Structure formats: structure tokens, C-alpha cells
**Q** 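Here you go, one structure.
The basis for the numbers below is simple: all heavy atoms, side chains too, and nothing from hydrogens, waters or symmetry mates. Counting begins at 1 with the first residue of the sequence. Here the structure is a predicted model, which means the values were calculated and not measured.
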Amino acid sequence: MALDAILINKITDSLQDILPCRINKIYQISKTEILFHLKTSQGKKQLIISCHSIYNRINLTNRSYPTPEEPGNFIMVLRKYLEGASILRIEQVSLDRAIMMDVSFRNDIGDRLNWKLSVELMGKYANVILINDQDRIVDALKRIPPFENNVRTIHPGAVFKPIQRQDRKDPFIEKSYDPSIPLTKQFLGFSPLLEKEVKYRIDNGESFADIMQKIKQSNKLYVASSNNEALFHCIELKHLKNNKSYDINEGFDIVYYHLEEKDRIKQLSGDLFKFVKKQIKHYSNKLIKLNEALDEALNCEILKTYGDLLYTYNINDTKGQNSIELENYEDGKMIKIPLDPKLDGKANANKWYNKYRKQKKAKSYIEEQIAIATKELVYFEAINEQLTIADFNDAKEIKDELVDLGYLKKQKVKIRRNKKPNIPSFNTIILEDGTKIMFGKNNIQNDYLTFKLANKNDLWFHAKDYHGSHVIVQTTNANEQIIRLAANIAAYYSAGRMSSSVPVNYCLVKNLKKIPQSKIGLVSLSSYKTIYIDPDLDIISKYKRD
């Protein structure tokens, strides 16, 4: 759900504790997200601003985010003017979905300038605008030229026009309300969700003034679920069940981080999803056509029979005929033989013999192509499955794999000297007894864990007959609890995560071998055991990842 202005008011309040602060670095996370590294009296902080059409927000964050190698033009402008600048004030604009930041910095000749940064969080119109001390726009994340909007132009050099204030009452000042008019029409900042919650509370004996007082005092974010959608606000949503409370900034991270991650992967990884699905469709269609061609090639013996019969019966004069019926000497049945009316009997026979030899030769070629297409389809189905559970680093490694295999073109990047070799970003869980469980979420991670990091006496787990994670358990004493946890990880991070009683094979690493001439991540195993497990993320989530 989108933020309403009352939630933005609470976020603005939470940001007052870090003021004044210094902007150390500015990064672009995606086309719609900006990350500020701040130095505050409380230590280093990160402030994220998202102008996504659905997930727009602003909050402090502890998460780690990827950054593109080439930032956009607006980020370069922000870096030019605001890196090293101080944020002196953060204030909500008229209880609307907009925040104004006062920033102060010195220009090239040492003069101090006081500029503004307008953060507007209004759905598809969400934007970040840099404004100079003459109220002119320096630049914006999303430029809006005059021919798109002649009322409020967002373009370098244009005069900045503030968002027009809505003609509604301030709910923090008013003590009463008109029950005949929707709250969203009466008051500033109300969303349909908050209106529903306030009316539910009023119906259950609370007063409007008391509810607004609780909202004013709140510094929490309450998250509930309805129809598999996360709904949240700064007061408990009593009309919904299973509310969980978080610090308001932490809550936004929990709600939004993974929602935005798939968009981040698409934007920064060249839309891997689209490419992989295109490959799956291509090889699926190719297999259909190849199988049809194989069926035709398998029937090539009838072509030889046509030629044999024409020679056996010494058919010569066939010019002008489109077909001829002859008795098959093997079973006594009549066979209708198509003819080329331009050719005589021997020439027609030779034509069928030539076609027979071509199709017989084609049979082995088609079977070879079917085997190749089948392997490619299985490979891309596995990649597609890996992308469904990938974070940004996982997706980047998948892209690197596709580049190395020649499926994607390699982008030109600046060569960095003395660069350490990249180690795949696999996941690690350390149990209380010191047992280490490691698992990969793509082919590069799986191959690294299984054949480079694991010891020969470590345990290896993988969901049987599913694309999925390689799980390595480093222990000399694997009890039933450890085995079931590792099997649960292997089952959940596989294509069988939505199934029950998923079979998981496990064995010692020394019983694994790479399949010759196969892509990375594929193994053959011997002397293994199988356990059946119901995938359960809640069990995995209890264990802290390193």
C-alpha cells in the first residue's frame, strides 16, 4: 500500500533525531531509489528515498543495497552539490505527502549556499527535486517538461512551484468530525486504510480525539496481513488480525525491501526474468517442432518401400500420373504411391530413395538437436527457478554465468588492478554447537560450495528431481535435527517449496562427481540416502544467518 501523509508525518518526526547531519555519499540503488550515507551525532546512518510508483517512501535503513556502476545524471548533480553538505531541517509540507529538506553547503569559491531538496511521495508522481536559493529547479529525478504539465513544470531552470495545499482540516488540531462525510474528504493525511481503522475504533467506544492522540504519540509501525498483502500504519490495526509492531524505520525496511528487490533486479540486471522466459519459450517451441520432424523421419521406411515397389514391378511409363497403386509383396496390401508427373518410373523411384536417405540421415541429427534443446530447456528452467528466490547479488551472479556461457553480451567495465577474486555470496547458518550450514541459490554458488569450499567428508543435500539449492553441512556429528534442518533448506530453496513430502537426497561430498561436458551446478551422486520433508520457511527463519 502507498504511504499516506499521516505516516509521512511520523517518519518526518523520526528523522528529527539525526539533525543536523552531514551527507557523506550519495548512491543510486535503482532508477527510482536514492541512498544517502549520513554522518550524524548518533553515528553513521543511511537514508533511503524511493520514488517508485507503488513503493515510494523515505526512511532510515540498516540494509545493504547494490549500486549500479554508472549512476544517472541526477545522481551526478546531487553528488556535485550535496556531497559534503549539511541537512539542517526536515519538515513535512502542509501535512501532505511531501517533505522539504534544507541543505547548506559551500560552493567552489567558498560562499555558503542554502538550497532545498523536495521529496514528493505521491504515487506515480513521486519525485526528488533539487532547488537553489532563487527557488529555481536545478534538476529532478523525474523531469516533467511543459508540454506534459503546463501547471507544474519540473525541469532545470523552471521556477519551483510548491504542491497546492488541499482544502481540508488538520486532524491533529480538530477534536471532532462529521460522521456523514468520509474522513478522507474531511481531513488532511487520511488514507482509506486509516479511515477504516479509525471508524472501527470509534464503533468500539474510542473517541476521535483519543485516536489522533495515540497516532501523534506513536513511533511504531504496525504490520498486518490481508489477502496476502501487507497493510500497515502507526497505530495497531485492530480491524485486522496478527499485528506485529516495529520501530517505524525498521518496519518500512521489512515491508518494502523485498517488494522492491525484484524491481531492482530487473532494472540493474538487464531484465533477466524477461530474457530467461524468452529462452524457455524458444526451446519449448523448438522441441515441439523437432519432435514433429522426428516423427516424420521415423516414417522414412515407407519412402524406401515406394522406391522398391517401383523397381520391383519395373514401372517405367508414369509421366503425367500423380499416383499409382501397387501391391506390397510383404503383406499383400495395396499401397498408393505418390508420383511426380514430370518423371518416369525409375526417376520417381530414385526420388523416393534420395528422400529416404536424407530423412534417415536427418533422424540422427534431429535426435541430437532434441537432446541439446532438452538440456537447454532444463537449464533455463533451473535459472528461472533460481531467479524467483534471488536477491540482487544472486541475480548478478546468474547474469555473470549467462555472460560467461555466451548467452548475454559482456558489458564493458573499467579494469581494476589488484582486484581480489570474487567469492560467491552464498548463505550461512551457524548453529549453537558450531555446526555450519551453507547453501547456494544459483549455479555459481552451488558449484563453489560443492566443489571448492566443501570438504570430502561434509554432508551434501539437494531436493530430488527438482532444480534447487546445494546445501553443505560442515560437521562430524550430524544428528537428526541437523539433517532435517538441512533437508528443509534444500526443499524450501527448490522448485518443490510449495509441495509436501519433498524427497531430499543427501550424501558425503566425496560421493559427488561433476557430469562431463555439462554446465556448472550439475552433479551425479552415489551411495546416498533420501529423507522426505515438508518445506517450512518459519523453521529456517529461526536461525540467524551470517
Side-chain angles (χ1 to χ4, degrees), residues 3 5 8-9 11-13 15-16 18-29 31-40 45 47-52 56-58 71-167 170 188:
L3 298 183
I8 292 174
N9 178 267
I11 298 167
T12 307
D13 287 347
L15 297 178
Q16 302 307 311
I18 66 170
L19 298 179
C21 60
R22 184 177 184 272
I23 301 173
N24 282 342
K25 294 289 182 181
I26 303 173
Y27 295 101
Q28 180 174 10
I29 301 175
K31 291 178 181 177
T32 57
E33 295 171 288
I34 304 170
L35 186 70
F36 292 85
H37 283 201
L38 307 176
K39 183 179 180 181
T40 75
K45 300 285 185 180
L47 179 70
I48 184 171
I49 300 174
S50 172
C51 293
H52 191 282
N56 49 91
R57 60 179 170 126
I58 178 173
N73 292 333
F74 181 61
I75 300 302
M76 297 302 292
V77 171
L78 291 183
R79 287 178 177 179
K80 177 182 178 181
Y81 293 109
L82 299 190
E83 282 192 350
S86 297
I87 302 177
L88 304 178
R89 188 170 66 98
I90 300 177
E91 186 177 78
Q92 187 179 19
V93 179
S94 303
L95 199 57
D96 209 331
R97 290 181 293 171
I99 292 173
M100 190 66 74
M101 296 184 185
D102 289 352
V103 291
S104 178
F105 64 96
R106 292 191 182 277
N107 62 15
D108 294 337
I109 60 175
D111 294 335
R112 180 162 293 281
L113 300 176
N114 295 308
W115 288 14
K116 295 181 185 294
L117 194 66
S118 178
V119 181
E120 301 173 359
L121 305 173
M122 298 174 290
K124 65 180 181 179
Y125 301 108
N127 208 346
V128 178
I129 306 167
L130 181 62
I131 308 154
N132 66 18
D133 50 5
Q134 298 175 353
D135 285 336
R136 289 195 174 272
I137 296 172
V138 178
D139 208 345
L141 183 64
K142 300 177 184 178
R143 295 181 179 182
I144 304 175
F147 61 82
E148 289 187 18
N149 188 337
N150 57 10
V151 176
R152 193 168 185 259
T153 299
I154 308 296
H155 205 272
V159 175
F160 175 75
K161 294 182 179 180
I163 297 170
Q164 188 174 358
R165 179 184 170 87
Q166 300 179 46
D167 186 20
D170 188 330
L188 294 167

**Q** V128 versus F74: any side-chain heavy-atom pair under 4.5 Å?
**A** yes
**Q** Kindly check if the number of other-residue, nucleotide or ligand heavy atoms within 6.0 Å of NZ (K39) is above 12?
**A** no
**Q** Decide side-chain contact (heavy atoms from CB on, under 4.5 Å) for M101 and I23; before the verdict, give the C-alpha distance in whole Å, the side-chain angles of both, and the deciding distance to 0.1 Å.
**A** CA-CA 12 Å; M101 296 184 185; I23 301 173; over 6 Å; no
**Q** Once rounded to the nearest 0.5 Å, what's the spacing between atom CD1 of I18 and atom CG of L38?
**A** 5.0 Å
**Q** Any heavy-atom pair between the side chains of I34 and I48 that's under 4.5 Å?
**A** no
**Q** For I49 and L141, what are the C-alpha separation, side-chain angles and deciding distance, and is it a side-chain contact (heavy atoms from CB on, under 4.5 Å)?
**A** CA-CA 11 Å; I49 300 174; L141 183 64; over 6 Å; no
**Q** Quick one: list whatever passes salt bridge (Lys or Arg N to Asp or Glu O under 4.0 Å) with K45, sequence neighbours left out.
**A** none
**Q** Above 12 or not: heavy atoms from other molecules or residues under 6.0 Å from CG of N107?
**A** yes
**Q** Mind running side-chain contact (heavy atoms from CB on, under 4.5 Å) on L47 and L15 for me, showing each step along the way?
**A** CA-CA 9 Å; L47 179 70; L15 297 178; 3.9 Å; yes
**Q** Under 4.5 Å between any side-chain heavy atoms of R165 and L188, yes or no?
**A** yes
**Q** For residues A5 and D96, report the shortest heavy-atom separation together with the two atoms involved.
**A** CB-C, 3.6 Å
**Q** Within the 4.5 Å heavy-atom criterion, are Q166 and S94 side-chain neighbours or not?
**A** no
**Q** Show, in sequence, the C-alpha distance, side-chain angles and deciding distance for I154 and K142, and conclude whether the side-chain contact (heavy atoms from CB on, under 4.5 Å) test is met.
**A** CA-CA 8 Å; I154 308 296; K142 300 177 184 178; over 6 Å; no
**Q** Report yes if the side chains of N127 and M122 come closer than 4.5 Å at any heavy-atom pair, otherwise no.
**A** no
**Q** How about CD on Q164, more than 12 heavy atoms from neighbouring residues, nucleotides or ligands closer than 6.0 Å, or not?
**A** no
**Q** Where does the angle between the aromatic ring planes of W115 and F105 fall among parallel (under 30°), tilted (30 to 60°) and perpendicular (over 60°)?
**A** perpendicular
**Q** Between K116 and D102, is the closest basic N to carboxylate O distance under 4.0 Å?
**A** yes
**Q** Rounded at 0.5 Å granularity, tell me how far CG in L3 sits from CG in N9.
**A** 12.0 Å
**Q** For the pair R22 and N24, evaluate side-chain hydrogen bond (donor to acceptor under 3.5 Å, both in side chains) and give the outcome as yes or no after the intermediate values.
**A** CA-CA 6 Å; R22 184 177 184 272; N24 282 342; 2.6 Å; yes
**Q** What are the two closest heavy atoms between I163 and A98, and how far apart are they?
**A** CD1-CB, 3.6 Å
**Q** Table please: side-chain donor-acceptor pairs of residues 129-137 below 3.5 Å, with sequence neighbours left out.
**A**
residue	atom	partner	partner atom	Å
N132	OD1	Q134	N	2.9
N132	OD1	D135	N	3.2
N132	OD1	R136	N	2.9
R136	NH1	G157	O	2.7

**Q** Is there a side-chain contact between I26 and L82, using heavy atoms and a 4.5 Å cut-off?
**A** yes
**Q** With rounding to the nearest 0.5 Å, note down the distance linking CE in M100 to OG1 in T12.
**A** 12.0 Å
**Q** For a 4.5 angstrom cut-off between non-hydrogen side-chain atoms, does K80 reach V77?
**A** no
**Q** Quick one: are E120 and Y125 in side-chain contact, heavy atoms under 4.5 Å?
**A** no
